[in-house]
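A quick write-up on the structure given underneath.
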Amino acid sequence: MAAAAFYDLDGTLVRTNLVHAFAFSARNQQGILKSITKTIATLSSVPLFMAADFFNRRLFNDIFFVRYKGESEDRLRCLSQELFDTVLKPSIFPGAYELIDKSRQLGLRQVLVTGALDLTVQPLAKHLKIDDYVTNRLEFVDGYATGRLLPPVVAAASKASWMRIYAEKEKLNLSDCYSYSDSMSDLPMLSVVGHPTAVNPDLRLRNTALQHDWPILDLR
Amino acid sequence: MRERAPKVLRGPVPRNKEDDQVVYIDGDSAPRILFSGEDLLLEDLPIGTRVIYPKPPIEGLANPGAAIRYALNHPHDTEPLYAQLAPGMRVTIAVDDISLPLPPMTTPDIRQTIIEIVLELLDANGVDDVHIVIANSLHRRLSEAEMKRMVGSKIHDAFYPDRYYNHDAEDPDGIVHLGKTDHGESVNINRRAVESDLVIYVNINLVPMDGGHKSVAVGLCDYESLRPHHEPETIRASDSYMDPKRSMLNTKVERQGALVDRHMNVFHIETALNNRIYAGATAFLSKNEDEFTEIDRLKFEAMRWTLSKMPRGAKRKLFQSIPAQYQMIACHAGKTEPVHERILQRCWDQYAVHVRGQADVLICPVPFVSPYNVNSILNPILVQVMGLGYFHNFYRGKPILKKGGVLILTHPCYDEFDHNHHPSYIEFFNRLLPETRDAMKLRHKYEEEFAKNPSYIEMYRRGNAYHGAHPFFMWYWGENGRQHVGKVIVAGAENAHVPKILGWERSESLTEAIAMAKSFVGPSPEITMMHHPPIVMADME
């Protein structure tokens, strides 16, 4: 039976996270004043984002994505390639290429399961030769973001649910699949496969990985 | 130590000792000290038990530097090293990794002494394209601190990290296929070494299975090249793998080595060390307990008391912080085979003890260290490789234990693994062994899956992990022992599940283990205990 390697993105394969992508968009607003205001607002919210993420990924999503409210879809799409070239590409961990390469040599399908936005993931997935990906998507009304995510929101347990459905649809044996993440919030995603690996883990995931005897990998 | 009853001879007590290092326990004998991981046990052995002690250390060479220079200038079957050097040539110095000697020796490590002399010679002859590669094969990468300790800060600072590094068996651009032997065994070797005009291999020969063609053909190879001989059939056909002439493992490695010699110019420097592990405050550990002075007894009791008060991690650190006091007893250089033959002879001179007759029950204390857990934990798979692998194979002629006999190991068998060094061991132990202990099945069903697991490959390449296939090799390493023994009992195992997963029985104490062994082999067994460390090998009559 076929198998796949599922990767979280932020902190796992790339050094950046959702906030970096948003900060890029904040920095590139129309007009210097607007850019400065939005950048300062973003920076001052970082402690709040960190606290929310530590507590609950869903809470973080609720607080974070509302910042996109009013952003034009066209503009975000235009900026995505530049975001990739200037921010994301240089932030890919050196070991990520090799990990994906070795994994592909094993005949595993390469799948990104990330809470990042589709706009930012698309060029990255192409660059890393990822076969499939699932991301979060902003809701747009009349071409402008509402600050909400379209369901299903990809985070925590819903990542694992998506993987189960995907495996069933693609006839993959989850016991033979691999999963890689850096964050404790992805524990469900790691738990549903036969070969979970903690990558550049935070302290909580490191301790969990040690308790479960999972491999701990440093791609930095 | 306890008072002894008046001497009473019971059972057959052979009096015609075959070697000065062989002691028979009688009514007056003192209890014996046995390692049990990070602890020391003091046990009364049954009267008539044969205890085999290591030989005293052969005196080290008075001037190792002079001996090394002499070897370089008077090599076997080749030109002196200086005569092979020319300005502008490319030279690679390959060096044995931290898996030997055990425990790591006091600084300066003999590798440092040799490399310093070689570098002087290279410098004097205008050779400046020099790399130093640690021939770690599928072993873990050494940390920077370990690398520095091995060669000294002067060499480290001059060469690390660009010109002093670990071999990487998984570097797709770093391995060259030299060809196949006439038996179809692939030989893939480190690119830098292959593309060098001269490879100088710096070896330490701790046991007779080290060195020779194994240095380059194994130390600098990849997984594909190891597969033909790191497998169960080869180990079963090795009687023992410590005796190169009767080792299928060695035969296959020699075939690969011959191919290496056709493509590469290798100048081999081999050394033999004595077995002076203990000196000073710990010297009593290598003495016959019957010859202990009051001071020795006090030292032992103080050490045992201290260890009993320390947590295991601290005990491990304590033992790991005591370097061995090894001294070089021989150094030869030149072509691989003549050099190795001479060094092997010195190894046997140090280790071989003449032993007459096999035993029904063999007692082997398992210490805290093996070649694969320097600065780490002796996990259950490594306890297995010490017992059924190394200790079983420490013979020449025939095994110390009779076929179907009982092997008793003393070790707590704790369920502990080092996540950085041995990640694939954890999965091997917890996932595979409960399903099967059959080495053939493990090899065919799972070895490749582990070897190609991207996580394990990355941990090997970027971290300090043993290769994903390494726990399999360790299991195969115990294969001829596993086929030979009738039963393994681990005395003092602190849990039931580790011995059970390994396919062993457990007992609370050595006394209980011996009673269990008697119920298996009969009421009056021939019992032998190997009193190591230091290493002792049986030259069986």
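First the proteins, then the strands, lettered A, B, ... as listed; each starts at 1.
- The side-chain heavy atoms of A:Glu98 and B:Arg461, taken from C-beta on, include a pair separated by under 4.5 Å.
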| task | For side chain to side chain contact (heavy atoms under 4.5 Å, CB included), just list the numbers for B:Ile426 and A:Trp214, CA-CA rounded to whole Å, side-chain angles, deciding distance to a tenth of an Å, and then say yes or no. | result | CA-CA 8 Å; B:Ile426 302 172; A:Trp214 293 342; over 6 Å; no
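- Rounding to the nearest 0.5 Å places CD of A:Gln105 at 7.5 Å from CD1 of B:Ile457.
- Residue-environment remark: NZ (B:Lys180) stays at or below the threshold of 12 foreign heavy atoms within 6.0 Å.
- Counting heavy-atom pairs closer than 4.5 Å to chain B, the top residue among A:Asp218, A:Leu99, A:Thr197 is A:Leu99.
- Only the side chain of B:Glu427 comes within contact range of chain A, with heavy atoms under 4.5 Å apart.
- B:His419 is listed as a side-chain neighbour of A:Asp213, based on a closest heavy-atom distance under 4.5 Å.
- Look at A:Lys102 and B:Glu458 and you find no salt bridge, because none of the NZ, NE, NH1 or NH2 atoms lies under 4.0 Å from a carboxylate O.
- For residues 173-199 of chain A, every residue pair satisfying the salt bridge (Lys or Arg N to Asp or Glu O under 4.0 Å) rule, not counting sequence neighbours, is listed here: A:Lys159-A:Asp186.
- Counting only heavy atoms from C-beta outward, the side chains of B:Arg462 and A:Arg220 never approach each other to under 4.5 Å.
- Note: B:Ser455 leads B:Ser424, B:Pro172, B:Ser455 in heavy-atom pairs under 4.5 Å with chain A.
- With contacts defined as side-chain heavy-atom distances shorter than 4.5 Å, the pair B:Pro454/A:Tyr180 qualifies.
- When heavy atoms are compared at a cutoff of 4.5 Å, B:Phe417 does not approach chain A at all.
- Heavy atoms closer than 4.5 Å to chain A are found in both the backbone and the side chain of B:Asn453.
- Residues A:Pro215 and B:Met459 form a side-chain contact, since some pair of their non-hydrogen atoms from C-beta on lies under 4.5 Å apart.
- Contact of A:Leu210 with chain B is made through backbone and side chain together, with heavy-atom distances under 4.5 Å.
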